[in-house]
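Right, one structure below, let's go through it.
Keep in mind that the numbers below use all heavy atoms, side chains included, and drop hydrogens, waters and symmetry copies. Fair warning: this is a prediction, and the values are worked out from it, not measured in the lab. Below, chain A is the first sequence line, B the second, and so on; all start at residue 1.
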Protein chains: 2
Amino acid sequence: MVFDTTDKELLEYLQQDCKQTNKELSNKLGLSVTAVYERIKKLEKAGFINGYVALVNKEKVEKNFTVFCHIKLAQHIQEYVVSFEKEVNKLNEVLECYHLSGDYDYLLKVLVNDMAEFREFMVKKLTTISHIGSTHSMFVINEVKHTTAINFENEK
Amino acid sequence: MVFDTTDKELLEYLQQDCKQTNKELSNKLGLSVTAVYERIKKLEKAGFINGYVALVNKEKVEKNFTVFCHIKLAQHIQEYVVSFEKEVNKLNEVLECYHLSGDYDYLLKVLVNDMAEFREFMVKKLTTISHIGSTHSMFVINEVKHTTAINFENEK
DNA sequence: CCTGAAACTGATTAAAC
DNA sequence: GTTTAATCAGTTTCAGG
């Protein structure tokens, strides 16, 4: 499938605001409405777009306490890895989890109401997962930047 | 403004898929289409929703190299903090940046094509920012979990 | 890739309960 | 909160260039 500069530009616009009309997009891209429509469908069918979602204001819903947790497994055996990853996926306070290179095995982004809820999460949920060796928590003082949009600037 | 359990449920659905019709949402929530429409407008106007965006498949667009960078400033004076945060905001490879408690001052999520591009980013962009004391990079081996949806399970 | 038109679907507003 | 209905706007499909 062809994936050209126009497609990248289109994806950038959709990553900014997916509710804008094809007419608006057609103006920005210099294409016809039909052409925009067909490009979007092409990108959707080819799997370039994982979905369209609403982004919620964390402060408004009182979920403004973000913590990054580094986690080390007790041992790096296949069984522990699989079971840990499965358990982590079930925790709804964990928005993101990455298997990392370096001193720690995993990095988790945890979102809760406040310190009290984080304590609850640590004691009753995270540390009850088996095979965890050690954890190290870092609290977010301030969110300096946060975007979900992948940038294609360097490829134009 | 009232913000009840139904609103939370509605936000959960919109965080999963913001393109579903009000009719679909009305079925899920047991409300009329008009009620759904009015609740969404209420939430939008009250600032609960930051926006509606397309989520792009990183693998498809060859941007599948994620790196977390810990950064320590040379000194923790106001001037350095402000200027660093301003500079970081300009870097389009940086999707997220957090001011943290702990050993390091900042945590950056960097998304690039590959190691070569990351090297370029480090040498030509990140380390040219003034007042950086030291950096520590951790490469993502595998993305275990990644969602943008805030969960309200514990509040129901 | 384009234009234009037709058909359809959903959003939006209003009225009445 | 509900229903219904009217209107408008946007999507989707199609024909033809």
Side-chain angles (χ1 to χ4, degrees), chain A residues 1-57 60-62 147-156, chain B residues 1-57 60-63 148-156:
Chain A
M1 197 206 75
V2 276
F3 176 57
D4 60 19
T5 312
T6 306
D7 289 319
K8 286 180 185 172
E9 218 178 320
L10 177 53
L11 283 183
E12 288 198 320
Y13 290 131
L14 291 174
Q15 285 184 116
Q16 299 302 328
D17 175 14
C18 70
K19 284 280 177 100
Q20 57 195 314
T21 65
N22 291 344
K23 188 163 173 51
E24 289 174 296
L25 292 166
S26 73
N27 287 334
K28 290 175 181 171
L29 293 168
L31 293 174
S32 70
V33 172
T34 309
V36 169
Y37 173 79
E38 280 164 358
R39 273 180 189 266
I40 293 175
K41 289 299 152 199
K42 179 193 72 179
L43 290 169
E44 284 173 355
K45 274 170 194 151
F48 281 76
I49 295 170
N50 284 335
Y52 299 98
V53 303
L55 298 178
V56 167
N57 187 331
K60 276 283 178 181
V61 296
E62 315 278 328
T147 176
T148 54
I150 298 171
N151 200 290
F152 300 109
E153 268 308 315
N154 303 333
E155 283 139 61
K156 278 178 197 163
Chain B
M1 198 205 76
V2 278
F3 176 58
D4 60 17
T5 312
T6 308
D7 289 319
K8 286 180 185 173
E9 218 179 319
L10 176 53
L11 282 183
E12 289 199 319
Y13 290 130
L14 292 174
Q15 285 183 116
Q16 298 302 326
D17 176 14
C18 70
K19 284 278 179 103
Q20 56 195 315
T21 65
N22 291 345
K23 186 162 173 53
E24 289 175 296
L25 292 167
S26 72
N27 287 334
K28 291 175 182 171
L29 294 168
L31 291 175
S32 69
V33 173
T34 310
V36 169
Y37 173 78
E38 280 164 357
R39 274 180 188 267
I40 293 175
K41 288 300 153 198
K42 178 193 72 178
L43 290 169
E44 285 173 353
K45 274 168 194 152
F48 280 76
I49 295 170
N50 284 336
Y52 300 98
V53 303
L55 298 178
V56 167
N57 187 330
K60 277 284 178 180
V61 295
E62 315 279 328
K63 285 267 192 222
T148 54
I150 298 172
N151 200 289
F152 300 110
E153 268 308 315
N154 302 333
E155 284 138 63
K156 280 180 196 161

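Between the side chain of B/Q20 and the backbone N or O of B/Y13, at least one donor-acceptor pair lies under 3.5 Å. Between the B/D7 side chain and the B/D4 main chain, a donor and an acceptor come within less than 3.5 Å of each other. Listed for the A/E12 side chain is no donor-acceptor partner under 3.5 Å among the backbone atoms of A/N151.
Rounded to whole Å, atom P of D/dG10 lies 12 Å from atom CG of A/N27. Rounded to an integer number of Å, the gap from NZ of A/K19 to P of C/dA11 is 8 Å. Note: CD (B/E38) to P (C/dG10) measures 19 Å, nearest angstrom. Between A/Q20 atom CD and D/dA9 atom C1' the separation is 16 Å, expressed in whole Å. Distance CD1 (B/I40) to P (C/dA11): 8 Å, rounded to an integer number of Å. At whole-Å resolution of the value, OH in A/Y52 and P in D/dT11 are 11 Å apart. Rounded to a whole Å, the NZ atom of A/K23 is 12 Å from the C1' atom of D/dA9. Distance CG (A/D17) to P (D/dG10): 13 Å, rounded to an integer number of Å.
In this structure, the nucleotide among C/dC2, D/dT12, C/dG4 sitting nearest to the side chain of A/A35 is C/dC2. Out of C/dC2, D/dT11, D/dT4, the shortest distance to the side chain of B/T34 is found at D/dT4. The nucleotide whose nearest atom lies closest to any side-chain atom of A/Y37 is, among D/dT12, D/dC14, C/dT12, D/dT12. Picking from C/dT12, D/dT13, D/dG10 the nucleotide with the shortest atom distance to the side chain of B/K41 gives C/dT12.
Counting non-hydrogen atoms under 4.0 angstrom, A/S32 reaches a base of the nucleic acid.
The two residues B/E44 and B/I49 make their nearest non-hydrogen contact at CG-CD1, 4.1 Å. Nearest heavy atom pair, residue A/L25 against residue A/V36, reads CB-CG1, 3.8 Å.
Regarding contacts with the backbone of C/dG10, every side-chain N or O of B/N22 stays at 4.0 angstrom or more from both OP1 and OP2.
In this structure, A/T21 and B/G30 both approach DNA chain D, and ranking their closest nucleotides by distance from the 5' end singles out B/G30.
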